[in-house]
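Taking it in order: structure first as structure tokens, then the write-up.
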Amino acid sequence: MHDVKLRLGRDGSVPRSRPSRVSYGERTMSYERWQIAGRHIVDTLFLVHAYDISHRSLTGFGLKEAAVHFNIAAPDRTYVEGDRITETFHNDPESLLRYVRDDVLETGALSELLSKSHFFQAQMVPYSYQTSCVRGTATKIDALMIREYCRQRKALPKPGAPRPFEGGYTDVFETGVIENIHHCDVRSLYPSLMLAHGLGPAADTLGIFLDMLKDLRDFRLEAKERMRRSKDRSERNDLDALQSAFKIFINSFYGYLGFAQGRFNDFESAARITQQGRELLQAMIDWLRKNGARPVEIDTDGIYFVPPADMLGEDNAAARERFRDGFRSALPAGIEVEFDGEYRSMYSYKMKNYALLTHDGEVIIKGGALRSRGLAPFQRKFLKEIIRCRLEGRDEELPELKARYETAIREREWPVTELARTERLQDSLATYEAKRARGGRARSAVYELALASGREYRAGDQLSYYVTGNKKSVAVHEAARLVSDWDANARDENVPYYLSKLADLWKKFGVGDNQGTLAL
DNA sequence: GCTAGCTGATGCCCG
DNA sequence: AACGGGCATCAGCTAGCG
């Protein structure tokens with residue numbers, strides 16, 4: 001209105017922006033990247049996504065849900081729904097100010113919690129604080145390598161051509177409910193193998209890659225030790241952020257070798273590392289079997305197993321120590337095994353898919369088949385209840401559980417959000433349409449809904465939809481409807497469709513089938 | 001005209 | 001723009017059936 005320039009730059013310049021993309025794991029988001037001279041802009045939404053890629057524990061990524069998850073929401077915090085902000089501003093400005101203030105406080109607390117490791121990374125890698133938050137770990141390792149080669153005035157190699165190579169050893173030996181489960185894993189498997197066998201990039205003529213890995217590992221252990229000794233809470237927090245920044249790097253050194261764009265990538269070396277890993281884990285499985293244990297599930301660097309019989313009774317401390325010492329001393333130099341979990345029972349389903357019951361009664365669920373966001377909330381809850389019953393040996397309660405869910409669907413007892421699936425647009429709508437036109441992509445409900453809505457959607461946006469109709473077999477992309485268009489007074493969710501989804505889960509996870517213990 | 005069963009693409013998860 | 005391995009779902013197709 002008054003043509004006042006937004007001179008936020010420390011040199012008095014105005015903010016500039018350009019379209020950009022950021023990706024964490026399989027999630028890519030389009031956004032407007034802003035730059036303000038002499039300042040750093042970090043979107044806490046991105047930090048929340050980066051956190052969730054490794055933890056996968058958040059229910060949603062908005063500020064409110066994140067604040068609740070990290071336990072930083074004020075207990076008496078003010079909430080104002082988005083569509084009531086203008087009205088509240090006019091009628092009750094005080095409460096709107098409280099709402100905004102609470103938002104700012106939560107954002108600050110999130111930032112304090114999640115951005116600190118990037119603050120330390122910015123001191124270590126040749127990227128700014130702002131840039132560090134939107135760069136992947138392999139890119140940062142590349143930058144560290146390039147910086148040192150430039151400093152020593154050495155020529156840089158070209159990246160090697162990518163080729164597929166084998167990964168970790170994954171297997172499942174028993175399925176169903178199994179009692180008394182122990183877990184062990186190899187501490188830092190790939191970094192340990194790399195250092196023990198000198199497995200680094202062939203193009204690294206200066207030999208700095210493995211030195212860097214070793215220094216980072218030693219530095220991290222030192223930071224962890226200082227953290228343990230520190231009496232001051234804020235110092236402990238800082239040291240924790242510092243050591244976790246190093247942990248991320250250390251674990252990415254192997255990944256860097258298989259990184260197509262990495263100047264020092266080395267697919268032969270990456271393949272040798274995973275091969276050594278597979279051989280080591282196979283030897284561990286053999287040792288466990290030879291010594292009376294029953295391996296149940298294995299994934300890359302960890303094994304779930306039933307310990308030998310003499311470790312099961314009371315007063316088994318001596319047998320336990322004998323077993324563990326024997327296992328440790330059977331391992332090669334430089335390889336340490338950790339016994340880091342004991343569980344009342346395990347429900348072993350398929351590779352990378354299992355559930356655990358802790359001695360505190362907590363149920364831990366792992367794997368896409370059992371906890372994926374691709375499942376609707378009612379499916380996840382149904383599965384969790386089935387799994388808890390089975391882990392606790394209460395199979396007789398399962399038919400009642402199934403009946404309860406069937407009734408709820410038939411009688412339309414739940415809000416439609418329980419039935420809705422939430423999916424992320426991986427591509428922009430234009431990219432989707434281009435792929436469709438090329439014939440390379442089938443129709444997909446989320447994209448069709450986004451297109452039909454006429455609203456602006458970007459890659460990375462999430463949409464929730466449910467399925468309408470009255471037959472169990474429907475083309476989802478034709479019968480789908482956005483949750484935001486749902487009318488509670490004229491319910492149209494497809495009852496037979498959702499009943500059949502429930503029946504599918506029952507067939508797989510219910511009782512009275514072939515889900516008993518099965519030795520392969 | 002219908003459906004079971006297969007294939008390939010996609011989405012999400014494990015370590 | 002870290003890696004490979006894995007499971008479930010859906011669209012789109014084909015074979016087989018009545």
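Order of the sequence lines fixes the chain letters, A, B, ..., with proteins taken first and strands second; residue numbering starts at 1 for each chain. Computed from a predicted model, the values in this text were never measured in an experiment. The figures that follow rest on heavy atoms only: side chains count, while hydrogens, waters and symmetry mates do not.
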Quiz item: Going by distance alone, is a donor N or O of one side chain under 3.5 Å from an acceptor N or O of the other, for A:Tyr304 and A:Asp299?
Solution: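 Note: A:Tyr304 and A:Asp299 side chains miss the donor-acceptor criterion.
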Quiz item: Any chance the side chains of A:His359 and A:Arg344 put a donor and an acceptor closer than 3.5 Å?
Solution: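 Not at all, the side chains of A:His359 and A:Arg344 share no donor-acceptor pair under 3.5 Å.
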Quiz item: Does a side-chain N or O from A:Gln426 land closer than 4.0 Å to OP1 or OP2 of B:dC12, or not?
Solution: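 Affirmative; the distance criterion is met.
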Side chain of [X] (C-beta onward), nearest among [options]:
{"X": "A:Glu26", "options": "B:dC14, B:dC13, C:dT9", "value": "B:dC13"}
{"X": "A:Arg373", "options": "B:dC13, C:dG5, C:dG12", "value": "B:dC13"}
{"X": "A:Tyr354", "options": "B:dG15, C:dT9, C:dC7", "value": "B:dG15"}
{"X": "A:Lys435", "options": "C:dC10, B:dT10, B:dC12", "value": "B:dT10"}
{"X": "A:Glu423", "options": "B:dG11, C:dT9, C:dC7", "value": "B:dG11"}

Looking across every strand, which nucleic acid part, if any, lies under 4.0 Å from [X] by heavy atom: base, sugar-phosphate, or nothing?
{"X": "A:Gly255", "result": "base"}
{"X": "A:Thr139", "result": "sugar-phosphate"}
{"X": "A:Phe267", "result": "nothing"}

Quiz item: Between atom CZ in A:Arg441 and atom P in B:dT7, what is the gap in whole Å?
Solution: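 Roughly 21 Å, once rounded to whole Å.
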Quiz item: Can you check the A:Arg56 CZ to B:dG15 C1' distance for me, whole Å?
Solution: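 My rounded result for the distance is 12 Å.
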